[in-house]
Amino acid sequence: MMTEVLCVVGARPNFMKIAPIMAAFPAQAISTKLVHTGQHYDPAMSDSFFDQLGIPRPDVNLEVGSASHAVQTADIMRAFEPVLDAQPPRAILVVGDVNSTIACALVAAKKGIPVIHVEAGLRSNDRAMPEEINRVLTDQISDLLYTTERSALANLLREGIARERIQFVGNVMIDTLRAHLARAVPAEATLGGKPARGHAVVTLHRPSNVDDPATLRRLLETLGVVAREVDVVFPIHPRTRSAAERLGLAGLLAAPGIRLLPPQGYLEMLGLMRDATLVLTDSGGLQEETTALGVPCITLRENTERPITLVEGTNTLTGPNPDAILACFRDILASGGKRGRIPEFWDGHAAERIAAHLRAWLDGTA
Ligand code: UD1
């Protein structure tokens, strides 16, 4: 029987998005298969999420691994085409904005296979960000675009996407958060005791922050200042660790109060964030997760593609600017920071809305 929706994942932030979508398909009798491109391959960056989130084992793993953007994207395309040729599905579904997202969308679109994009329409308006290119291009070639926040609609209309292709369904990553919060590993279990001073969770991996020596130095020095007042818990991304070593900045990671951890599992990370005094990050996902958890977030970027986290949530943008970061940090310590509220449709049911709409779309009744 023909697969109706072939789902694609590749990198860590894709896994928590695909889990609730695939879990919602059986209730709508949507037949599905899963392709993993292998963009992320370390057990801590990939397998652990399949285990903890109950994602089905991929039917196909393209095993592309790491390379430059061009080579990685091209490798994914070359490996994905024969998968579609062997068993063309009715449609493919891609999530987020990583290289796997655009690579597989492009292969399918050229074959006339409809592309469904979940988390469409987010825009940082910063083309220096590789993900922004992936977002704009994926949305242009998608047939059905599911959005997480209302700002996405105006972005898509401005780019000429037809209104009837766009559906506001809410945030599937927050479905996963709500489904697993009760099972989150408490921070004190991960840290071997509760930090008496409280803790900040830090993640850092954007090229704009970690590949430039002066920026990375400023950021790591600022974390050293934060660590004078709260424990800084830093699950370090492989590219950040290698950048710090290559640029001779590894000493700053050993400052008193900074606790480096390897990449964490989903349930461990959820517990670390839930129990934190604050989060400092350049991740897209953490901006949304902290808003859902009501934990203050300092985003170490000049812009965000997720403006609802600023307007309704707990997020503040500081860029990589030490004075702005420390001013915001002191404000959070003094007053608890932004309280925020839960955005519309971040209610744990986004994937069910997608599956219900998709059923009708596949049946030609949407
Ligand atoms: C990718 C995504 C980014 C996402 C991030 C989450 C793109 C353009 N970027 O960035 O949007 O926020 O994932 O992590 O798709 N590496 C390992 N083990 C792995 C995977 C990667 O050690 O399992 C190392 C390799 O040295 C690799 C580097 O990390 O070169 C970067 O990996 P890559 O997938 O190219 O980009 P990320 O920075 O992870």
Side-chain angles (χ1 to χ4, degrees), residues 8-18 35-51 58 61-77 79-80 94-106 117-120 122-124 126-138 173 176 201-212 215-216 234-247 260-266 268-269 279 281-290 297 299-301 303-306 309:
V8 174
V9 290
R12 186 169 61 180
N14 292 161
F15 305 136
M16 36 291 225
K17 294 169 193 166
I18 214 67
V35 172
H36 188 336
T37 66
Q39 178 177 344
H40 285 175
Y41 45 84
D42 281 349
M45 302 284 285
S46 178
D47 298 358
S48 99
F49 294 84
F50 282 77
D51 297 340
N61 192 322
L62 307 179
E63 295 182 357
V64 296
S66 305
S68 70
H69 282 267
V71 170
Q72 185 177 65
T73 308
D75 283 350
I76 296 168
M77 291 180 69
F80 187 54
V94 295
V95 297
D97 56 16
V98 302
N99 287 343
S100 301
T101 308
I102 176 62
C104 293
L106 188 49
H117 186 207
V118 174
E119 201 188 88
L122 297 180
R123 294 290 181 268
S124 65
D126 174 5
R127 294 275 171 109
M129 233 182 140
E131 293 81 2
E132 182 74 354
I133 315 250
N134 295 343
R135 291 181 199 116
V136 170
L137 297 180
T138 302
M173 208 177 57
T176 296
V201 174
V202 174
T203 79
L204 205 55
H205 74 286
R206 293 265 157 243
S208 59
N209 280 334
V210 307
D211 291 352
D212 174 56
T215 306
L216 184 59
F234 189 178
I236 191 163
H237 189 288
R239 71 176 292 145
T240 309
R241 185 185 284 277
S242 49
E245 283 162 8
R246 190 178 64 246
L247 302 172
L260 289 189
L261 302 179
Q264 293 294 295
Y266 183 76
E268 287 78 8
M269 195 63 191
V279 170
T281 190
D282 60 8
S283 147
L286 267 69
Q287 295 173 54
E288 295 184 340
E289 288 165 339
T290 47
C297 180
T299 294
L300 308 167
R301 288 172 43 191
N303 51 54
T304 179
E305 61 288 337
R306 293 161 160 91
T309 61

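Nothing here was measured: the structure is a model prediction, and the numbers come from that model. Side-chain atoms are counted along with the backbone in the values below, which use heavy atoms only and exclude waters and symmetry mates. Start at 1 and go down the list; that is how both ligands and their atoms are numbered.
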Compare all side-chain heavy atoms of [X] with those of [Y] and state whether any distance is below 4.5 angstrom.
{"X": "P58", "Y": "F50", "answer": "yes"}
{"X": "R301", "Y": "Q287", "answer": "yes"}
{"X": "T240", "Y": "V210", "answer": "yes"}
{"X": "D211", "Y": "R246", "answer": "yes"}

* Asked: Does H205 reach ligand 1 with a nitrogen or oxygen that is under 3.5 Å from one of the ligand's nitrogen or oxygen atoms?
  -> yes
* Between P13 and ligand 1, find which residue part has any heavy-atom pair under 4.0 Å and reply side chain, backbone, both or neither. =>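 Side chain only.
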* **R241, portion touching ligand 1 at heavy-atom distance under 4.0 Å** =>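 For R241, no heavy atom sits under 4.0 Å from ligand 1.
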Counting non-hydrogen protein atoms only, what is the nearest one to [atom]? Give residue, atom name and distance.
{"atom": "atom 16 (N) of ligand 1", "answer": "Y41 OH, 3.6 Å"}
{"atom": "atom 21 (C) of ligand 1", "answer": "S66 OG, 3.7 Å"}
{"atom": "atom 13 (O) of ligand 1", "answer": "H40 CE1, 3.1 Å"}
{"atom": "atom 29 (O) of ligand 1", "answer": "H237 CE1, 3.8 Å"}
{"atom": "atom 24 (C) of ligand 1", "answer": "P238 CB, 3.9 Å"}
{"atom": "atom 31 (C) of ligand 1", "answer": "R239 NH1, 4.0 Å"}
{"atom": "atom 3 (C) of ligand 1", "answer": "E131 OE2, 3.2 Å"}
{"atom": "atom 8 (C) of ligand 1", "answer": "N99 OD1, 3.3 Å"}

* Which is closest to atom 2 (C) of ligand 1 by heavy-atom distance: T101, T240, I102, V98? ->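 Considering heavy atoms of T101, T240, I102, V98, the nearest to atom 2 (C) of ligand 1 sits in V98.
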Checking the side chain of [X] only, and the main-chain atoms of [Y] only, is there a donor and an acceptor separated by less than 3.5 Å?
{"X": "N61", "Y": "E63", "answer": "yes"}
{"X": "Q264", "Y": "M269", "answer": "no"}
{"X": "N209", "Y": "L300", "answer": "yes"}
{"X": "D51", "Y": "S48", "answer": "no"}

* Asked: Counting each atom of ligand 1 from 1 as listed, which ones have a heavy atom of M45 under 4.0 Å away?
  -> 23 (O)
* Element-labelled atoms of ligand 1 that are located less than 4.0 Å from some non-hydrogen atom of Q72 -> 34 (O), 35 (O)
* To do: Measure from the ring center of F15 to the ring center of H36 and say whether it is less than 6.0 Å.
  => yes
